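Encoded as structure tokens, the structure appears first; notes follow it.
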Amino acid sequence: MKTVPNGLVKGRVLARKQWTEKLFSLEINAPVEKYLPGQFTKLGLTNEQGEWVRRAYSMVNHPGHAYGHDHLEFLIIADDNGQLSPKLHKLNEGDEVYVGQKPSGFMTLDEIPDYAKDLWLLSTGTAIGPFISMLADPSLKWRFTNITLVHAVRTSDELVYQDAINSLSRNLGDRFQYVTVVSRETHATSLQGRIPLLLASGAIQGKVGRTFIPSESFLYICGNPSMVKDTSQTLTDLGLVKHLRRKPGNFASENYW
Ligand SMILES: Cc1cc2nc3c(=O)[nH]c(=O)nc-3n(C[C@H](O)[C@H](O)[C@H](O)COP(=O)(O)OP(=O)(O)OC[C@H]3O[C@@H](n4cnc5c(N)ncnc54)[C@H](O)[C@@H]3O)c2cc1C
Ligand SMILES: NC(=O)c1ccc[n+]([C@@H]2O[C@H](COP(=O)([O-])OP(=O)(O)OC[C@H]3O[C@@H](n4cnc5c(N)ncnc54)[C@H](OP(=O)(O)O)[C@@H]3O)[C@@H](O)[C@H]2O)c1
């Protein structure tokens, strides 16, 4: 094997869970620096030519997890045409995998402006992961008056982490709402369609029973880049403002590719 690049440390797979044929979670132990809920790090392996392939993956578990911040959980979708994700898909308990030592990312709770009391977390596919980490933060108990998690997937079997979400819901009580969107089949308890159109029509807000208040609402948008782009446009059309560190606004985003 070629020399391990700077910044990668050796980790080991502790457990894996298969949600659907392509969607799985890995629990990995690695000596990484402490992360903030919502952040990501790199996972890396070598390819057939011995070259390192590294990609970003978000931690699903909260850093205050009972097993410690060096016990990391990732939700991953294997893209058959991709370089790394099919290799991660083949990993089993006990296998080695390399992990970025220094987590990064600005989609974190401390980046949310103080005035925000109404938090919306909008995700597609595997991008629900960083939101599950954030929702487990103890500050959520007092920091926001309303918290809405929206998860959009193609089929209902991709509505993962139901147990974790039920437990968060019990912990956060009436302030927490969970809205699911399924695009490619009808599902009794989910909206059908895509997030930007369901926001433009008011269907998501209707399901929650609340609308956006520019002086109170803050949204994080994460996942498919075209969803992020279209949702940002819809929110702008609805009178909300993109958040910048130097000029606080209502929404910020993270693209997954
Ligand atoms: C900040 C950040 C956090 C990320 N967190 C996660 C995560 O928690 N879980 C996860 O599965 N992926 C995550 N990704 C995507 C991940 O880094 C890889 O891009 C993905 O696993 C594909 O890598 P690959 O080497 O298999 O494919 P590549 O050889 O790089 O080919 C990738 C192609 O697959 C598509 N693609 C990439 N990622 C995704 C995705 N997640 N869903 C749908 N299509 C995709 C794109 O069309 C892209 O052209 C994240 C990306 C970023 C930038
Ligand atoms: N999910 C699978 O079963 C599956 C199987 C094999 C391979 N893959 C590959 O894995 C990758 C990830 O798939 P994924 O299903 O997790 O993610 P995805 O393709 O981003 O789909 C997740 C959700 O985002 C929606 N979406 C896509 N583009 C959007 C846009 N512009 N605006 C708003 N919503 C949008 C999808 O709706 P639509 O359904 O309307 O697009 C779907 O509800 C893809 O590269 C895919 O090719 C996925």
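In this chain, residues are counted from 1 in sequence order. Note that ligands are numbered from 1 as they come in the structure, with each ligand's atoms numbered from 1 the same way. Only a predicted model underlies this, so the values are computations on that prediction, with no experimental measurement involved.
Not a single protein heavy atom sits closer than 4.0 Å to atom 9 (C) of ligand 2. By the definition of a contact as any protein heavy atom under 4.0 Å away, atom 4 (C) of ligand 2 is in contact.
Each of the following atoms of ligand 2 lies closer than 4.0 Å to a heavy atom of P196: 32 (N), 33 (C). Distances below 4.0 Å separate heavy atoms of S183 from the following atoms of ligand 2: 36 (C), 37 (O), 38 (P), 39 (O), 40 (O), 42 (C), 43 (O). Which parts of ligand 2 touch D79 is read off a 4.0 Å heavy-atom cut-off, strictly below it: atoms 45 (O).
Considering only heavy atoms from C-beta on, L122 comes within 4.5 Å of L199 through its side chain. Looking only at side-chain heavy atoms (C-beta outward), H89 and Q18 come within less than 4.5 Å of each other.
L45 and V97 get closest at one heavy-atom pair: CD2-CA, 4.0 Å. Taking all atoms of both residues into account, the shortest heavy-atom contact from H71 to N61 is O-ND2, 2.7 Å. Residues S133 and H62 share a closest heavy-atom pair of O-CD2, 3.3 Å.
With a 6.0 Å radius and a threshold of 12 heavy atoms from other residues, nucleotides or ligands, N92 has its CG atom above the threshold.
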Set out, in order, the CA-CA distance, both residues' side-chain angles and the distance that settles side chain to side chain contact (heavy atoms under 4.5 Å, CB included) for L119 and T148, then state yes or no. CA-CA 6 Å; L119 179 66; T148 306; over 6 Å; no
Decide side chain to side chain contact (heavy atoms under 4.5 Å, CB included) for F40 and M107; before the verdict, give the C-alpha distance in whole Å, the side-chain angles of both, and the deciding distance to 0.1 Å. CA-CA 9 Å; F40 58 88; M107 196 179 68; over 6 Å; no
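The distance criterion of under 3.5 Å between nitrogen or oxygen atoms is met by E158 with respect to ligand 2. The distance criterion of under 3.5 Å between nitrogen or oxygen atoms is not met by W257 with respect to ligand 2. Where the criterion is an N or O separation shorter than 3.5 Å, residue side chain and backbone included, V153 meets it with respect to ligand 2. Backbone and side-chain nitrogen or oxygen atoms of S226 are examined, and one is located within less than 3.5 angstrom of a nitrogen or oxygen of ligand 2.
Using a cutoff of 4.0 Å between basic side-chain nitrogens and carboxylate oxygens, E33 and K102 are scored as salt-bridged. A salt bridge links R12 and E96; the closest N-O separation between the charged side-chain nitrogens and carboxylate oxygens is under 4.0 Å.
The aromatic rings of W52 and Y98 lie perpendicular to each other, with more than 60° between the two planes, well past the 30° mark.
The ring pair (Phe, Tyr, Trp, His ring centres under 6.0 Å) pairs that include a residue from residues 236-257 are F218-H243, where partners are two or more places apart or lie in different chains.
Atom 23 (C) of ligand 2 has its closest protein heavy atom at A152 O, 3.6 Å. Summary of contacts: the protein heavy atom closest to atom 24 (O) of ligand 2 is T124 CG2, 3.2 Å. The protein heavy atom nearest to atom 40 (O) of ligand 2 is R194 NE, 2.8 Å.
Under a 3.5 Å cut-off, the side chain of R16 and the backbone N or O of F24 do not form any donor-acceptor pair.
One option in K22, R154, M227 has a heavy atom closer to atom 48 (C) of ligand 2 than any other, and that option is R154. For atom 13 (O) of ligand 2, the candidate residues are T20, I76, N224, I77; the nearest heavy-atom contact is made by I77.
Using a 4.0 Å heavy-atom criterion, the residues that approach ligand 1 are F40, R55, A56, Y57, S58, L75, I76, I77, D79, G82, Q83, L84, S85, P86, T126, E254, N255, Y256, W257.
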